[in-house]
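Computed from a prediction, not measured in an experiment: that's the story for all the values here.
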Amino acid sequence: MSIDQDQRPAVAAVLDGLDPGPELDAVLEGLSAAALAGEDLAAYLRACARQQARAESRTLTAMHHLGRARAGSTERYSGYDEFSGDEVAAVLCWSRSMATRKLGLADDLEVRLPAVGEAVWEGRLDVVRASRLCEWTRDVPDDLARHVAEVLLPVAASLPIGELIDRIEQVVIELDPGWAARREAKARRNGRLILQANPSGTATLSLVDVAATSGLAMRDRVDALAAAVRGLGVLTPIGVLRKEVAERLLDGSLAGLDDRAVAVLLAAEYHAPGDDPGPDDPSDGGPSGRGPDNRGPDGPGGGDPRDHGPGGSGPGDRGPSDRGPSDRGPSSDEPEREPQRSGGGDEPGATRGTAGGGPSGGPGDGAGQGLLDLPGLVGEPEPFPALLDGPEPGPGRVRAGVGEVRLRLSTALGLDDLPGQVPGYGTVLADHARTLVSRYRRGEWRVVCTDDQGRLQHVLLARRRPHRPRPGRSGQRCRAIVELHVPTTLLAALTPTGHGPWAALLAELQARLAELPRAGGPPAATAADLYRRRPRVEIDRWTRVRDRCCVAPACRRRAQHSDLDHTLDHAWGGPSLDWNLGVLDRHHHRAKHHGGWTVHQPAPGHFRWRTRAGIHHTTRPRKILHEPVAPRPAATPRPLPDDEPAWTDDDHPDWRTRYRRATGLAEPEVTAPAVHPDDDPPPF
């Protein structure tokens, strides 16, 4: 989604036309934010941000020189050493670890990624995005990192931080898929389990460097079980419930139970009368939700474990990190206040009722909840959430949750190795994406056809699946979504008989494509669509695929966990058609109705916003497909992170190894120690 900000003449035009420097600074000095409004105030803020980028660039350049400075001389050491950070830390009164991280960023912008440093100096890119470009290419060979910057710099300033990170991951894999696969395999060999104590007295258990497919499978199973427990009338917040399910699966207390029995047992514990755990009860804050802290994993302290910004916490520096959940946007796995996924609601209200029809109420509202007539744990509960419908499971059978994977049809067919995307997680290698496609074989398969520029044309719901080359189970029923992207021209040109198990599916798609209008478009409207409040499932699907995520400026909450909003409210005659519908997360849905924001949809998928401050923003539909980056193979395999030359202990002292691995900086020049006379005591 691209974002345009409208400007008026006068102050806004003058400020937006000036590059950072003395002239812009003089204009800003003559203005006061308190005396500006609307677009003028927005232009003033943009100008301040450009000027700040210039100032931060100058500061980082000063650090770069101070870390290599020689006393009484303008000559510099050729690189950093273990004492370089001390120089910066002493001047700015920082911790040495924070100073070292800043030096690493300064060196990246000066040496490794000079084009990024130049963009910051010119005010075209802020330091936050520049630091993400440096951090997320830190273990990438320098030539690949410079190629990534070359591809993304033209659009980086207009991308939300999380989307920029996704694009970095995607471009790195496209440039050298083989290197990315070797990096992933090496990291998996170093996988580990970590238990860490928290200041609150709780603990954090982490599985580090597991395969992406394994991690997603674990998440899907926990999500499915948590949803099943919630469907039995449990009112615990879904984030806490997911934690409880994962904890009970790992601590052995549910050994030997199948998924149905697990869900019924947890629900029974929640509804048990008088079950109020004491302060010493290890289950305090468990399924009952009556513990002291009902915050989910996406609340304070959550977020992407890879997020460690330049000013973040590190060894010896326990300050707050400037990279938290906001880098990739709100977590897509835990919707805001459980928004209605079927959409159509114009007035966002309170949290949706439980799927199992349990009475409403807050978490842990045991008095008003009442007891459920739960069947025996070994039997099959009736009714049971549809999420676990299907053949009777055996102990330990894996269940798929509401996962989603997006990839090109050409990648699924094995014609290329372009990466896939898992919304709410990130980029995955082509092999992992194909594994997820096979795992989600009985989910909902959407084939999204685009024009040659990657814009949406058709959304087809595939009826057939590629047959399995060997006998076995046909796959389990699940609610996962497989989204296959393909240009319409490519789909029409494929020869089905040349693609083995996919032949029947390709033949079906080509036959249906021939019946559709060449220009494409949304499902045809019916008379009933003008009066129904909630859109038909075909229109719902089309709108979510078109918008991809919340259409508010700079928001990235995924469409599957957001509301469908009528641009012109249904109560005022707005029809439930694509040109009057848009994806809004719960927060921005409330901003429209209660926060003073207004929105218009002059063309389908194009939204014009006016904030309560009087500033206008325009958002447009995102491309479904981006032009893939041409691979940049190397003459020899590129080195993996931490690959070291054959240094001897004398040539490469241990501190230098540790320092270079921690910072990713070049090998520093080490000056030979001074020679003292034999009678001169050591300088201790």
Side-chain angles (χ1 to χ4, degrees), residues 52 55-113 116-117 120 127-128 130-139 142 145 194 196-199 204 208 301 303-324 327 641-642 644 647 649 651-674 682-684:
Q52 180 183 6
E56 291 185 350
S57 176
R58 185 179 288 113
T59 301
L60 290 170
T61 300
M63 292 182 191
H64 177 70
H65 286 275
L66 180 59
R68 301 179 299 117
R70 297 175 184 264
S73 173
T74 57
E75 294 183 3
R76 305 291 186 244
Y77 291 108
S78 63
Y80 299 146
D81 60 18
E82 64 170 328
F83 307 111
S84 297
D86 296 307
E87 299 283 357
V88 175
V91 171
L92 299 179
C93 200
W94 285 351
S95 69
R96 183 155 51 92
S97 59
M98 181 176 179
T100 300
R101 288 194 299 273
K102 287 291 188 180
L103 278 177
L105 175 61
D107 191 78
D108 280 345
L109 298 183
E110 290 282 340
V111 179
R112 194 169 68 98
L113 299 176
V116 178
V120 175
V127 171
V128 175
S131 65
R132 299 305 177 263
L133 277 165
C134 295
E135 291 165 13
W136 288 85
T137 59
R138 184 60 53 80
D139 64 349
D142 290 352
I194 298 175
Q196 179 180 356
N198 298 325
T204 298
V208 182
D304 193 330
R306 296 177 291 180
D307 290 352
H308 305 292
S313 58
D317 178 14
R318 293 183 174 268
S321 171
D322 67 346
R323 283 185 62 196
D327 263 2
D642 292 341
E644 298 288 345
W647 299 97
D649 291 340
D651 293 334
H652 196 67
D654 183 61
W655 71 262
R656 295 169 68 194
T657 304
R658 294 199 307 270
Y659 185 82
R660 194 174 72 214
R661 288 180 177 178
T663 63
L665 302 181
E667 180 67 16
E669 175 186 74
V670 177
T671 306
F684 294 145

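- Under the rule for a salt bridge (charged side-chain N to carboxylate O under 4.0 Å, His left out), the partners of Arg96 that lie at least two apart in sequence or sit in another chain are Asp86.
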(request) In sequence, state the C-alpha distance, the side-chain angles, and the governing distance for His65 and Arg76, and then conclude on side chain to side chain contact (heavy atoms under 4.5 Å, CB included). (result) CA-CA 7 Å; His65 286 275; Arg76 305 291 186 244; 3.3 Å; yes
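- Separation of atoms CD (Glu56) and OG1 (Thr59) is listed at 7.0 Å; rounding is to 0.5 Å.
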(message) With side chain to side chain contact (heavy atoms under 4.5 Å, CB included) as the criterion, how do Met63 and Leu105 come out once you've worked through the C-alpha distance, each side chain's angles and the decisive distance to 0.1 Å?
(response) CA-CA 10 Å; Met63 292 182 191; Leu105 175 61; over 6 Å; no
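- Taking 4.5 Å as the limit, some side-chain heavy atom of His64 sits within range of a side-chain heavy atom of Asp107.
- The structure places CG of Asp108 at 11.0 Å from CG of Leu103, a figure rounded to the nearest 0.5 Å.
- Nearest heavy-atom pair across Ala99 and Gly85 is CB-O, 3.4 Å.
- Closest approach of Ala106 to Leu60, counting heavy atoms only: CB-O, 3.3 Å.
- Side-chain atoms of Ser84 come within 3.5 Å of backbone N or O of Asp81 as a donor-acceptor pair.
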(message) Between Ser57 and Leu109, does the side chain to side chain contact (heavy atoms under 4.5 Å, CB included) criterion hold? Intermediate values first, please.
(response) CA-CA 9 Å; Ser57 176; Leu109 298 183; over 6 Å; no
(request) Apply the test side chain to side chain contact (heavy atoms under 4.5 Å, CB included) to residues Thr137 and Leu113: give CA-CA distance (whole Å), side-chain angles for both, the deciding distance (0.1 Å), then the verdict. (result) CA-CA 10 Å; Thr137 59; Leu113 299 176; 3.9 Å; yes
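- By the 4.0 Å N-to-carboxylate-O rule, Arg138 lies too far from Glu135 to be salt-bridged with it.
- If you take CZ on Arg70 and OH on Tyr77, they are separated by 5.0 Å, rounding to the nearest 0.5 Å.
- Asp139 is linked by a salt bridge (charged side-chain N to carboxylate O under 4.0 Å, His left out) to Arg183, counting only residues two or more places apart in sequence or in another chain.
- Counting only distance, with no hydrogens or angles, the side chain of Arg112 and the backbone of Cys134 share a donor-acceptor pair below 3.5 Å.
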